[in-house]
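Ligands are counted one by one from 1 in listed order, and the atoms in each one are counted from 1 as well.
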Amino acid sequence: MVFRVSLERVVKRIRELEDPLVVCHIDADGLSSGGIVKKTLDTLDMKPEVMPIRQLDQTTYDDIPWDRNLIFVDLGSGKPEWTRSHVVIDHHQPIQKPPYHFNAHDLGINGSREISASGLSYIISKELIGHSELAGPAVVGAMGDRVKVPLKGYSKVPLETKWVKTVKGLRYYGRETRPISLMLQYASDPFIPGISSERSQCYKFLQDLKIEHSKTYHSLSKDERTKLNDALIKFAAKRGVPVHKMMGEYYILPAMPKGSEMRDANEFSTLLNACGRHDRPEIGIGLVTGENVYEEAKKLLRIHRRLLSRGMDELRVKGTEERKTYHLFISDTIKPTLVGIVAGIALSSRVVDHRKPIIALSKDKEGWKVSGRGTLELLDKGINIGLAMREASKGIGEGGGHDVAAGAFVPDDHIKVFLNRLDLIFRRQTS
Ligand SMILES: [Mn+2]
């Protein structure tokens with residue numbers, strides 16, 4: 001009931017808005033959501049504008065035309081004092097319940113693991129224009145924000161359509177665009193000893209199965225795919241890998257071109273992230289709304305990959321400082337927007353010991369951008385990076401995020417205290 005009432009109130013409000021401006025976050029979920037709302041309002045001939053921003057705080061406050069009719073997506077709940085009279089579609093922890101805020105938590109949904117802003121945006125879109133191809137991006141945003149798979153509850157609404165196909169298979173990255181040899185080499189979480197990060201072993205493994213290594217997972221015949229799945233699981237089981245985490249449900253966008261990142265929801269989310277993190281969020285919005293910007297986005301993805309691999313080189317050369325409960329990596333060259341991804345790769349590819357979380361620091365103006373990453377295994381042991389970041393930055397900085405990936409900003413003077421606090425918090429979480 002709360003859900004229906006809230007939905008109808010927000011939808012009615014959106015219809016009334018003149019000359020609306022959509023303000024969205026620049027990550028995959030933010031761009032998916034922003035694109036969904038934009039395209040929906042385009043369809044209604046409301047001619048919206050979109051303004052993607054890195055975050056909503058003092059540093060961006062002055063950029064926002066507060067006298068216009070604003071629709072915030074994937075942000076806004078944390079600043080009710082600013083967004084109170086505007087529409088907000090968000091899944092981050094709310095502080096208040098203003099009338100036009102459509103927030104997962106107020107609707108009885110666990111916003112951090114069960115739905116993304118893109119999922120909520122799609123529900124609003126469906127109410128306004130019915131089911132549409134925007135079901136695809138709805139799932140893409142969910143993958144970007146690591147919503148729990150199989151999707152459930154309201155997150156399943158896009159799955160009712162022909163624009164999203166639910167399939168079962170290996171949960172590793174690159175099923176649509178990477179040669180299988182590469183997909184296996186980069187397979188992590190769960191990590192497979194003897195396959196992950198072992199290039200020549202991957203070739204041998206495929207050769208033994210008589211599977212052409214340059215084919216993609218999706219281009220294998222059904223028989224080949226079954227053969228590969230079975231053999232890989234058997235191999236991994238012998239080496240103590242939690243094999244139930246290797247296979248699972250994932251989502252394909254069948255209307256998208258074969259061989260493009262846009263066909264696999266996970267790969268699409270990486271493509272969007274590349275746009276946002278390399279200062280071309282409008283390209284990401286264009287992908288979602290169906291403009292002809294794929295080649296441009298691909299270029300950004302290539303730059304993204306190059307910078308990540310340079311970041312990994314720096315981490316390998318410099319190494320990490322070992323704290324009691326975590327690895328500390330202080331980067332000199334990696335962009336603040338990429339350092340978290342590099343930290344995540346280091347952990348999942350076991351370049352650093354996977355039994356401790358990693359905290360990475362990158363210099364940002366008057367302070368430090370902090371990124372923390374964990375693994376699913378660490379979550380099982382009680383680690384929650386998001387809560388740790390929030391607690392450690394209390395009174396000295398700003399921090400928060402998801403259980404497995406989170407960040408903070410801490411001024412120079414306080415970074416030591418912050419890092420010491422993290423040690424105490426992680427110890428408490430696992431005791
Ligand atoms: Mn989000």
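For the Mn ion (ligand 1), the set of nearby N, O or S atoms under 2.8 Å includes none belonging to Asp90. For residue Asp74, an N/O/S atom approaches the Mn ion (ligand 1) to within less than 2.8 Å. Within the 2.8 Å limit, His25 places no N, O or S atom next to the Mn ion (ligand 1).
Seen from the Mn ion (ligand 1), atom OD2 of Asp29 and atom NE2 of His91 lie 90° apart in angle, a value rounded to 10°.
Ring pair Phe329/Trp368: centre-to-centre distance not below 6.0 Å. Here the two rings, on Tyr250 and His218, have centers that are under 6.0 Å apart.
Side chain of Asp27 to backbone of Gly30: a donor-acceptor contact under 3.5 angstrom is found.
Between the side chains of Ser77 and Asn103, at least one donor N or O lies within less than 3.5 Å of an accepting N or O.
Note on Asp145: its N/O/S atom closest to the Mn ion (ligand 1) is OD2.
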Step-by-step salt bridge (charged side-chain N to carboxylate O under 4.0 Å, His left out) determination, Lys156 to Glu160: CA-CA 7 Å; Lys156 282 179 77 170; Glu160 295 163 4; over 6 Å; no
